[in-house]
Each structure stands twice: as structure tokens, then as C-alpha cells.
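Notes for the one structure printed next.
Throughout, a chain's letter reflects where its sequence line sits, starting with A, and its residues are numbered from 1. Bear in mind that the values here come from a model prediction, so they are computed numbers and not experimental data.
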Amino acid sequence: MHDLKLLRERPDALAAGMARRGKGDVHAPALARAAALEAERRRLIVAADERKAARNAVTAEVAALKKARQDAEAPMARSRALGEEIAALEAELAALEAALGDLLLGLPNLVVDEVPAGDETANAVVKSWGTPRPADEAHPHWVIAETLGLLDLPRGAKVAGSGFVAFRGVGARLVRGLMQFMLDLHTREHGYEEVWVPFVVNRQAMIGTGQLPKFEDDMYAVPGEGLFLAPTAEVPVTNLHRDELIDAGDLPRALCAYTPCFRREAGAAGKDTRGLLRLHQFDKVELVRYETPETARAALEALTRHAETVLERLELPYRRVLLAAGDTGFASAMTWDLEVWSPGTNKWLEVSSCSWYTDFQARRMNLRYRPAPGEKPRFVHTLNGSGLAFPRTIAALLEHHRQPDGRVRVPDALRSYLGADHLG
RNA sequence: GGAGCGGUGGCCGAGAGGCUGAAGGCACCGGUUUGCUAAACCGGCAUACGGUGGUAACGCUGUAUCGCGGGUUCGAAUCCCGCCCGCUCCGCCA
């Protein structure tokens with residue numbers, strides 16, 4: 001959500017910013033319409049406010065007359081007439097603001113200057129870590145996992161459909177171990193507060209972080225309840241402080257949470273569907289930060305390092321990719337993806353997306369802070385990133401640490417959680 | 001699911017048709033006093049959206065806001081209806 005003042009005073013800047021996302025002027029009609037509605041909105045406010053002021057004056061007259069026990073019928077009639085005009089203007093205003101709100105909620109965030117313009121072909125690898133194991137397409141993770149009995153794809157599909165998986169035995173324990181390992185790392189070494197949150201969220205929360213209204217088709221809805229299965233912990237965790245005014249002394253705040261994530265992936269049928277690459281339900285530990293505008297950029301680097309540390313401890317080669325404007329998510333102003341190397345599929349797999357939302361989400365959530373006593377509230381800057389998503393991490397782990405004897409070496413960091421140094 | 005009670009500013013808490021953007025307190029800010037701190041005293045202290053003046057910080061001004069949405073009324077924090085949330089009790093339940 002953008003500041004209406006920006007729409008009014010710098011519509012060109014808004015349009016230019018949207019254009020950097022590389023999809024031509026797709027937002028130009030909405031911007032033009034929003035600007036027109038905004039002008040009309042002000043006209044209606046002025047008209048309505050004038051009449052309200054008049055009514056308030058008339059009402060005071062009535063009170064004075066009544067107190068003096070005099071006839072007040074004339075001002076009462078005037079007030080009634082004003083009331084009807086006000087009601088008509090307000091009805092018009094409400095309809096207009098609803099339309100304007102819909103338009104504004106559908107406009108993406110502006111990216112910051114250091115984000116390259118263009119589509120995903122302009123994405124830039126800014127960092128690499130580790131030595132990727134040569135491609136070994138004979139041993140993709142789904143083969144390794146089924147051979148070792150970690151994963152039961154057919155039975156997952158049996159109970160919920162394709163895109164839902166069952167882990168078994170040591171595989172299930174691996175999931176639990178990853179959850180504990182990641183939460184321990186972020187809480188003990190990176191200073192995050194662990195939270196455990198609802199896995200379903202209401203519509204307002206989904207609007208707050210930007211999933212709605214635009215991406216409703218990708219979400220699982222709970223019929224009749226007005227609820228959605230959380231597509232990422234970003235939604236329940238970031239919305240925890242919705243509609244709050246935070247003391248500056250309480251910033252920054254760093255929260256981390258494990259949650260399952262549910263995504264319909266409505267437009268993705270047939271793409272990367274083997275094994276653990278793309279699921280309707282998966283697990284993730286998420287990092288969320290509330291920052292001031294001054295600290296937010298540095299916090300994005302810090303949060304991304306926290307996610308990278310997970311990969312380093314798991315001894316998995318990865319690279320950091322700065323997303324170009326056109327590939328940057330709807331609500332994000334800047335995103336670094338972390339991609340882990342998957343020798344079994346000969347691909348880099350996205351396992352984390354670390355984003356800085358500037359004040360875009362905070363406006364939608366009405367999440368503010370007071371910089372100093374006596375100063376006016378400002379919107380908080382929000383950030384989040386996976387630290388990490390489990391399935392692709394597991395895929396890379398199995399493929400990368402597979403030994404010639406077919407067993408999988410467990411990295412040191414994970415051994416105490418699994419109680420074993422090998423799988424299989 | 002049923003019954004009762006409640007939701008007021010950053011926080012606590014009065015108010016029960018007009019004099020209430022809202023008493024009082026806490027917190028916070030400025031000042032007086034003070035060896036320092038504390039205390040005491042004086043003053044200040046909501047937000048949003050408009051209009052207007054200023055490069056701006058901000059000033060002046062209007063409107064709205066007492067959980068949300070409707071209604072009654074010349075006028076609603078206050079009365080009525082619906083909804084949401086919280087607490088207590090009952091029922092059901094892992």
C-alpha cells in the first residue's frame with residue numbers, strides 16, 4: 001500500500017517505479033484511475049465536512065434554544081436537511097473509497113534503487129559459497145529417499161493428493177531434527193525470539209502482508225470460516241503486532257517460528273513436480289524482523305546471513321541472488337534469494353527468499369512506532385526470510401552428502417538431533 | 001453451543017443524550033526548586049483525513065475517531081439492533 005500523498009504529489013515517481021518491474025505499463029490504468037478517484041475523494045470530503053461543520057453549529061443553536069426553553073423547530077429542520085445531504089455525500093464517498101482501496105491494494109511495492117530493473121534475466125548472483133558437487137542425475141533425492149525409506153510419496157498422495165508427502169522413520173525424524181536445529185541456531189546464536197503461532201489466518205492478516213487480495217487463487221481457504229491456511233509463517237508472525245504503536249526502544253524485534261506452509265500453486269501444474277521440489281504443504285522456519293527505516297537495509301543483510309548460516313552449517317553449497325525488479329515479489333522492495341545446489345537435478349533450488357518490505361506491509365497492517373517521546377508515529381519496516389524451507393534443503397542434503405555406499409552423511413551440526421552420523 | 005459481564009487515549013480508569021477529544025492517575029516531554037539523584041510544584045502531551053499559510057520544521061483551521069457496522073435523534077462514548085473480541089459459569093470435547 002502506498003501513501004496517498006505520493007499518488008497525489010508524485011504520480012510520475014510511482015509510475016516510473018512500477019515500470020521498473022519490467023511489465024510495461026500494466027499498472028498505468030490503475031494509477032490513473034486511482035489519481036482521479038483521489039481527486040474526487042478530496043472534493044467529497046470538503047463538501048461533506050462543510051455540511052458537518054454547519055450542522056454542528058446548528059445543533060449548538062438547538063441546544064441553546066432548548067436550554068432557554070424556546071422554540072427550536074427551525075434550526076432542527078435545517079439540521080435534518082443537512083443530515084440528508086451529508087448521508088448522500090458519505091454514501092458516495094464510501095463507495096469511492098472502497099474502489100480506491102481496491103486499486104491501491106492491488107499495486108505492488110516500489111523496489112529500492114539498488115535493485116536492477118528488468119525481468120528475471122536481470123537477476124544477479126552476488127555471492128557463492130562452497131564447492132558444488134558435480135551433477136549426478138542418476139541419484140536424485142527422490143530415489144535416495146525412497147531407497148533409504150525416508151519418504152513415502154504414493155501414500156502421501158493417497159491421503160491428500162499429489163503434492164502432499166509422508167516422511168517415515170528416519171525421514172520423519174530428519175524433519176523434526178531440522179526444525180529443532182534451525183530454531184536453536186536462530187534463537188541461541190542469532191538473537192531471535194521463538195514464537196509459535198496459528199497455522200490459519202484471517203483475511204485481514206492476509207491483506208496485511210500482501211497475499212490478498214491479489215493472490216487468493218493460490219491460497220487454501222477454510223470454507224465458511226473466513227480463514228486461510230497460512231502460506232508462510234510470514235503471515236501470522238508479521239501480523240502479530242498489527243494495529244500497534246511500538247515504542248522505539250522495542251525496535252528492532254526479531255522473531256522466528258516454525259510452521260507448515262500451504263500453497264495451492266494454482267498456476268504451477270506440471271512444473272518441478274518430482275520428489276520434494278514443489279509441494280502443496282511443506283515445513284519452514286521463518287525469520288521476521290521489525291526495524292526502523294534507518295536500520296532496515298543492514299537488517300536485510302543480517303537476516304540473510306542468518307539464513308545462509310543454516311546452509312553453511314549443513315555444509316551445502318549455495319549462492320545468493322539479487323532479484324531484479326520484475327522478479328521481486330509483490331510486497332517486497334528488495335529480495336535476495338538463496339539457492340542451494342542440487343546435484344541430483346542439476347539445478348540451483350530456491351530455499352530462502354529474504355525480503356525487505358519497507359513500509360509497504362506496515363501501512364496495510366497499520367503497524368507504527370514512535371521514534372522518540374513526543375515525535376509523530378512512523379511506519380515500521382518489516383523483513384522476513386526463510387531460514388530455511390525444509391523440502392529442498394532435504395533434497396540438497398541427500399544428494400550432496402550421498403556417499404558411494406549409498407548412505408548419506410549427516411553434517412556435524414545435525415548429528416545430535418538425529419542421533420546418527422549417517423542415514424541408511 | 002447456552003448464560004452473564006465487559007471492550008474508552010501509549011497504559012490504567014471515570015463518564016450513562018448537548019457544557020466530553022473525552023475527568024483523574026501512570027508513563028513521557030519542558031520548566032521551577034535542588035550539591036547530585038529523588039521528591040514536590042507549574043506547564044505540555046492522541047491519531048487520521050481535509051482546507052490554508054510556509055522551501056521546510058511547523059502554524060492556523062475543519063471533520064472524524066470511546067471494539068466494528070447499522071439504527072433512533074436536531075444532536076450518541078452514552079439509547080436500540082447485529083457482529084467481533086475478552087473474562088466468568090454451564091454444556092461438549094483433544
For [N], does either OP1 or OP2 sit under 4.0 Å from a side-chain N or O belonging to [X]?
X        : N     : answer
A/Asn56  : B/U63 : yes
A/Lys376 : B/A46 : no
A/Arg42  : B/G51 : yes
A/Arg43  : B/C49 : no
A/Arg41  : B/G50 : yes

Measure [atom1]/[X] against [atom2]/[N] and give the value in whole Å, please.
X        : N     : atom1 : atom2 : value
A/Leu245 : B/C28 : CG    : P     : 16 Å
A/Glu38  : B/G51 : CD    : P     : 8 Å
A/Asn366 : B/G10 : CG    : P     : 11 Å
A/Ile246 : B/C28 : CD1   : P     : 19 Å
A/Asp49  : B/U63 : CG    : C1'   : 4 Å
A/Glu90  : B/A64 : CD    : P     : 9 Å
A/Leu82  : B/U73 : CG    : P     : 17 Å
A/Glu9   : B/U55 : CD    : C1'   : 13 Å

Does the distance from a Lys or Arg side-chain N to an Asp or Glu carboxylate O, for [X] and [Y], drop under 4.0 Å?
X        : Y        : value
A/Lys52  : A/Glu90  : yes
A/Glu234 : A/Lys284 : no
A/Glu339 : A/Arg392 : no
A/Glu85  : A/Arg55  : no
A/Glu73  : A/Arg80  : yes

Is the backbone N or O of [Y] less than 3.5 Å from a side-chain atom of [X], with the two atoms forming a donor-acceptor pair by type?
X        : Y        : answer
A/Tyr417 : A/Arg173 : no
A/Asn109 : A/Ala331 : yes
A/Arg263 : A/Thr232 : no

Gap in Å between the two [atom1] atoms, one belonging to [N] and one to [M], rounded:
N     : M     : atom1 : answer
B/G35 : B/A48 : P     : 43 Å
B/A23 : B/C66 : C1'   : 14 Å
B/C26 : B/C80 : C1'   : 36 Å
B/U78 : B/U72 : C1'   : 13 Å
B/U20 : B/A14 : C1'   : 12 Å
B/C84 : B/G69 : C1'   : 10 Å
B/C28 : B/G51 : C1'   : 32 Å
B/C12 : B/A22 : C1'   : 15 Å

Need one value for [X]: base, sugar-phosphate or nothing, where a base atom within 4.0 Å counts as base even if backbone is also close, heavy atoms only.
X        : answer
A/Arg370 : sugar-phosphate
A/Glu244 : nothing
A/Ala53  : sugar-phosphate

Exercise. With ring centroids as reference points, do A/Phe215 and A/Phe330 lie under 6.0 angstrom apart?
Worked result: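 So the answer is yes for these two rings.
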
Problem set entry | Plane angle bin for A/His190 and A/Tyr192 - parallel if under 30°, tilted between 30 and 60°, otherwise perpendicular | perpendicular

For this session: Classify the ring geometry between A/Phe360 and A/His2 as parallel (under 30°), tilted (30 to 60°) or perpendicular (over 60°).
Result: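 Rings of A/Phe360 and A/His2: perpendicular, over 60°.
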
Exercise. Which letter, B, S or -, goes with each nucleotide of nucleotides 76-84 of chain B from 5' to 3', with contact meaning a protein heavy atom under 4.0 Å?
Worked result: ---------

For this session: Could you give me the stems involving RNA chain B, meaning stretches of three or more consecutive Watson-Crick or G-U wobble pairs whose two defining distances are both below 3.5 Å?
Result: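 As far as RNA chain B goes, consecutive pairing (with distances under 3.5 Å) yields the stems B:1-7 with B:84-90, B:10-12 with B:24-26, B:28-32 with B:40-44, B:46-53 with B:58-65, B:67-71 with B:79-83.
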
For this session: Report the nucleotide, chosen from B/G62, B/G50, B/A48, that has the shortest atom-to-atom distance to any side-chain atom of A/Arg368.
Result: B/A48

For this session: Among B/A64, B/G51, B/C49, find the nucleotide with the atom closest to the side chain of A/Val46.
Result: B/G51

Exercise. Does the side-chain hydrogen bond (donor to acceptor under 3.5 Å, both in side chains) test come out yes or no for A/Glu312 and A/Tyr318, once each step is laid out?
Worked result: CA-CA 8 Å; A/Glu312 292 172 17; A/Tyr318 68 88; 2.5 Å; yes

Polar-atom pairs under 3.5 Å, protein N or O versus N or O of nucleotides 16-23 of chain B: list them with distances, or write none.
residue: B/G18; atom: N2; partner: A/Thr59; partner atom: O; Å: 3.3

Exercise. Can you find a side-chain donor-acceptor pair between A/Glu291 and A/His381 that sits under 3.5 Å?
Worked result: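 A/Glu291 vs A/His381: no donor-acceptor pair found between side chains.
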
Exercise. Any side-chain donor paired with an acceptor under 3.5 Å for A/Gln361 and A/Thr382?
Worked result: yes

Seminar exercise, completed: Between A/Gly83 and A/Ala54, whichever has its closest RNA chain B nucleotide further toward 5' is A/Ala54

